[in-house]
Amino acid sequence: MNGILTPNFLKYPNTNYLKKLPILIPTCTYTTTQFAETVPTSPLTSLQCGSMLQSLTNAKSYKLGQQLHSHMISCGTLRNNTYLSTKLSAFYAICGHMDQAKVIFDQIVLKNLFLWNSMIRGYSCNGFHVKSLVLYREMMSFGQKPDNFTYPFVQKACGDLGIVEIGRRVHCEVVVCGFESDVYVGNSLLAMYSKFGKMDMAKKVFDRMPERDLTSWNTMISGSVKNGDPREAFLVFGMMGKAGLVADSATLLGLLSAVADLAALEMGRAIHAYVVHNNLARFNSFLINSLIEMYCSCNSMVAARRFFEGETKKDTVSWNSLISGYSKNTDSLESLRLFCQMVSEGVRPDQVTLVSVLGACDQITALQFTISAHSYIIKQGFEANPMVGTSLIGTYSKCGNLVCSLMVFNEMPEKTLVSWSALLAGYGLHGKGREALSFFHDMIVNGITPDEGVFTSILTACSHAGLVGEGKEIFHSMKRTYNVQPGLAHYSCLVDLLGRAGHLDEAYELIKAMEVKPTGDIWTALLSACRLHRNVELAELSAQRVFEMNPRGVGSYICLSNLYAAEKRWDDVEKVRALVRRKGLKKPPGFSFIELDKVVHRFLVGDKSHKQKEDIYAKLKELRHRLEEFGYKSDTSSVLYDVEEEVKENMLWDHSERLAIAFALINTRSGTIIRITKNLRVCGDCHTVSKLISRLMCREIIMRDIRRFHHFKDGSCSCGDYW
DNA sequence: GTAGGGTTAG
């Protein structure tokens with residue numbers, strides 16, 4: 001890994017450099033499967049062709065089908081044979097090769113209903129929903145009436161496109177034609193309404209169905225989960241049992257999603273036992289992966305790992321589930337280790353794997369690993385994938401390197417709104433509001449209409465940089481110019497922007513004037529602004545709202561207690577603390593990460609567990625002494641305990657970010673940039689100390705806290721002390 | 001000769 005972090009690459013990144021990097025993550029080799037020559041050279045009769053085509057269709061053997069196709073052309077079997085041409089078109093449609101299916105479809109003069117259906121099905125099942133609907137209309141205009149085979153695909157297309165009005169009209173046609181009582185058509189209606197988010201309509205259809213099969217129940221179960229009602233899923237399952245039906249794999253998949261949403265581990269274990277008892281997972285890799293996912297969602301990583309290790313039928317999704325599971329359960333290091341193991345075992349990662357891995361990198365600010373993963377991405381040809389590219393933009397910026405984010409963005413062949421949003425968010429995170437605004441204007445000039453996500457990013461960027469006028473102007477332009485209704489997230493940004501800049505009353509007025517009910521997040525933004533500007537009265541009012549809406553969020557209690565402490569109202573501090581204790585809440589401990597030679601070190605407050613602890617504390621003592629000579633005086637207002645000043649000062653020198661800085665100073669050459677990530681906000685005194693150290697030791701320090709980046713250089717910080 | 005429900009990321 002040494003040599004990767006050359007200052008040159010970080011300042012002037014380029015793709016060619018990445019291509020030349022040694023392979024750090026072992027890459028896998030591939031063997032290609034050769035298709036056996038099974039098609040005979042002597043001409044086949046049309047009867048033989050027909051039955052062969054049928055079996056190839058059933059097996060979806062695309063390559064062999066192509067060979068048969070050319071055989072039929074060269075022997076003239078296909079000429080004037082509508083029956084075989086129809087079968088061939090259906091074959092290509094089944095295999096998902098719609099262009100080839102369409103060429104043959106167009107040549108057939110006498111199109112029967114089967115042919116129309118197979119084309120509509122092909123488009124609908126391969127993601128070409130609009131084409132599927134266009135063809136359906138075309139069929140009607142040719143005077144061909146649809147049947148019970150047509151509607152399921154048309155309804156699927158409507159559901160996937162989310163076009164509620166057209167879906168309803170198709171439903172009416174179904175009723176008029178008398179197909180509503182067909183169980184397949186009925187089930188497709190359930191699925192369509194579930195995709196629309198209209199479970200009330202799905203329920204109406206379900207109740208009216210003269211005949212229901214297992215799929216009907218399964219669709220209702222999975223629909224309830226997808227629409228955010230996992231408890232309802234269990235109720236439906238109960239009724240299904242009373243109706244005398246037995247769960248199959250699809251039922252269990254729905255229930256496992258419900259279990260994951262509710263983190264109902266016991267129920268999950270029971271389903272697992274049922275799966276094992278009935279040997280269901282053997283035939284269904286979806287079930288295996290769902291079980292892994294369920295254990296991860298229940299924060300039960302040991303069980304997830306045990307099950308994963310014991311399974312022989314693992315595929316890419318299994319690895320992905322576990323990798324993202326570790327990352328969600330704050331063990332990103334394990335997530336990265338697992339990725340390396342996956343590659344070394346010859347399992348090919350896909351774009352989902354890479355997005356998860358990059359997510360793990362940004363959680364622990366693993367810049368070196370990100371560069372290594374980027375190199376892998378280029379070599380494996382994932383560079384052009386918009387999702388992977390967007391993740392890279394976000395990860396580089398969260399790892400402190402905006403130049404690399406910009407390079408990735410510039411080289412992306414297809415920039416989505418999410419890519420733009422990630423870029424703006426990155427600049428915002430680093431306090432570069434002006435640059436973010438300039439990119440935002442580039443977007444507009446290029447004719448790209450921003451969406452909700454882009455507005456959230458740009459408003460956040462304005463907020464971090466204190467650009468009050470610009471932020472307000474953008475907020476008001478949302479509806480007026482771009483027809484985007486400001487949502488709760490945008491209000492939250494604006495309250496933060498106003499509040500942080502000290503316009504507390506204006507922020508409060510904005511909340512009061514909101515048409516919808518403000519969320520806990522919005523009140524939290526006002527609360528933290530009140531703490532910053534020491535407005536106790538308004539802070540108490542906001543805190544009350546936050547406590548009502550989000551009683552388990554320990555952050556807001558701490559915030560209020562901090563304000564009281566700053567005002568030296570120790571009785572009130574104790575009252576809040578007692579409340580926290582009564583509720584059984586715990587303040588998360590502060591810790592800092594630093595990556596050194598691909599190893600991530602984690603320091604807790606007052607950590608004495610590191611093997612270099614003596615050197616670290618000696619270095620801190622030396623630093624403190626030299627800073628005091630420099631005229632430094634501790635700002636103990638960040639210490640929220642009613643203790644002696646000297647004790648307070650000592651407590652400050654235990655803060656995790658200082659341990660990490662000392663560790664970096666000991667272990668890196670002079671001139672190396674120090675990159676640190678903290679899980680909470682950096683405290684006022686640590687901010688001052690970091691500025692001073694950057695001057696005293698001639699070291700640039702890039703520190704990411706829970707909200708933003710601070711670049712300390714030559715005694716000052718990029719945030720201009722506005723944070 | 002065709003059909004509906006099911007896993008990972010964002």
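As a basis for the values below, the full set of heavy atoms in this structure was taken, side chains included, without hydrogen atoms, waters or symmetry mates. All of these numbers come straight from a predicted model, not from anything done at the bench. Order of the sequence lines fixes the chain letters, A, B, ..., with proteins taken first and strands second; residue numbering starts at 1 for each chain.
- Not less than 6.0 angstrom separates the ring centroid of A:Phe440 from the ring centroid of A:Trp420.
- Shown here are the side chain to side chain contact (heavy atoms under 4.5 Å, CB included) partners of A:Gln155, two or more places apart in sequence or in another chain: A:Tyr151, A:Val170, A:Val174, A:Val185, A:Ser188, A:Leu189, A:Met192.
- For the residue pair A:Asn58 / A:Ser55, no side-chain donor-acceptor distance below 3.5 Å is found, with atom types taken as modelled.
- Taking the side chain of A:Ser321 as heavy atoms from C-beta on, and the options B:dT8, B:dA9, B:dG5, the nearest nucleotide is B:dT8.
- Looking at heavy-atom distances under 4.0 Å, A:Thr86 makes contact with a base.
- When heavy atoms are screened at a 4.0 angstrom cut-off, A:Lys87 is found touching base atoms of the nucleic acid.
- Remark: C1' of B:dA3 and CE of A:Met192 are 16 Å apart, rounded to the nearest angstrom.
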For a quick test of your reading: what N or O donor-acceptor pairs under 3.5 Å do the side chains of residues 230-244 of chain A make, sequence neighbours left out?
none

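- Rounded to whole Å, the distance from CZ on A:Phe105 to P on B:dT2 is 19 Å.
- Among B:dG4, B:dT7, B:dA3, the nucleotide with an atom closest to any side-chain atom of A:Asn187 is B:dG4.
- Nowhere does DNA chain B pair in an unbroken run of 3 or more (Watson-Crick or G-U, both distances under 3.5 Å).
- Here the C1' atom of nucleotide B:dT2 and the OH atom of A:Tyr123 are 17 Å apart, to the nearest Å.
- At whole-Å resolution of the value, CG in A:Leu322 and C1' in B:dT7 are 14 Å apart.
- Residue A:Val352 is in base contact, counting any heavy-atom pair closer than 4.0 Å across all strands shown.
- Between the side chain of A:Asp248 and the base of B:dG5, a donor-acceptor pair under 3.5 Å is found.
- Judged by centroid separation below 5.5 Å and plane tilt below 30°, A:Phe286 does not stack onto the base of B:dT7.
- Scanning for side chain to side chain contact (heavy atoms under 4.5 Å, CB included) contacts around A:Thr82 gives A:Thr86, A:Ile108, with sequence neighbours left out.
- As rounded to whole Å, 13 Å separates atom P of B:dT2 from atom NZ of A:Lys60.
- Side-chain proximity of A:Phe114 to B:dT8, B:dA3, B:dG1: nearest is B:dG1.
- Scored by the ring pair (Phe, Tyr, Trp, His ring centres under 6.0 Å) test, A:His272 finds A:Tyr295, A:Phe307 as partners (sequence neighbours excluded).
- Here A:Tyr184 does not lie in a stacked arrangement on the base of B:dG4, lacking the combination of planes under 30° and ring centres under 5.5 Å apart.
- Note on A:Asn58: nothing from the nucleic acid sits closer than 4.0 angstrom, heavy atoms only.
- Rounded to an integer number of Å, the gap from A:Asp350 CG to B:dT7 P is 15 Å.
- Side-chain atoms of A:Thr215 come within donor-acceptor range of the base of B:dG4, with a qualifying N/O pair under 3.5 Å.
- The residue A:Phe153 sits close only to the backbone: its heavy atoms come under 4.0 Å of sugar-phosphate atoms, none of a base.
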Sequence neighbours excluded and cut-off under 3.5 Å, please list the side-chain donor-acceptor pairs for residues 323-340 of chain A, or say none.
from: A:Ser324; atom 1: OG; to: A:Asn320; atom 2: O; distance (Å): 3.3
from: A:Ser324; atom 1: OG; to: A:Ser321; atom 2: O; distance (Å): 3.3
from: A:Tyr326; atom 1: OH; to: A:Arg305; atom 2: NH1; distance (Å): 3.0
from: A:Asn329; atom 1: ND2; to: A:Cys296; atom 2: O; distance (Å): 3.2
from: A:Asn329; atom 1: ND2; to: A:Gly325; atom 2: O; distance (Å): 3.0
from: A:Asp331; atom 1: OD1; to: A:Glu334; atom 2: N; distance (Å): 3.4
from: A:Ser332; atom 1: OG; to: A:Gln363; atom 2: OE1; distance (Å): 3.0
from: A:Glu334; atom 1: OE1; to: A:Arg337; atom 2: NH1; distance (Å): 2.4
from: A:Glu334; atom 1: OE2; to: A:Arg305; atom 2: NH1; distance (Å): 3.1
from: A:Ser335; atom 1: OG; to: A:Ile323; atom 2: O; distance (Å): 3.1

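- For the pair A:Lys226 and B:dG5, the criterion of a side-chain N or O lying under 4.0 Å from OP1 or OP2 is not met.
- Taking the side chain of A:Gln54 as heavy atoms from C-beta on, and the options B:dG1, B:dA9, B:dT7, the nearest nucleotide is B:dG1.
- Rounded to a whole Å, the CG atom of A:Asp451 is 17 Å from the P atom of B:dG10.
- For A:Phe105 and A:Trp116, the ring centers sit closer than 6.0 Å to each other.
- A:Ser249 comes within 4.0 angstrom of a base, heavy atoms only.
- Put simply, CG on A:Asn320 is 14 Å from P on B:dT7, counting in whole angstrom units.
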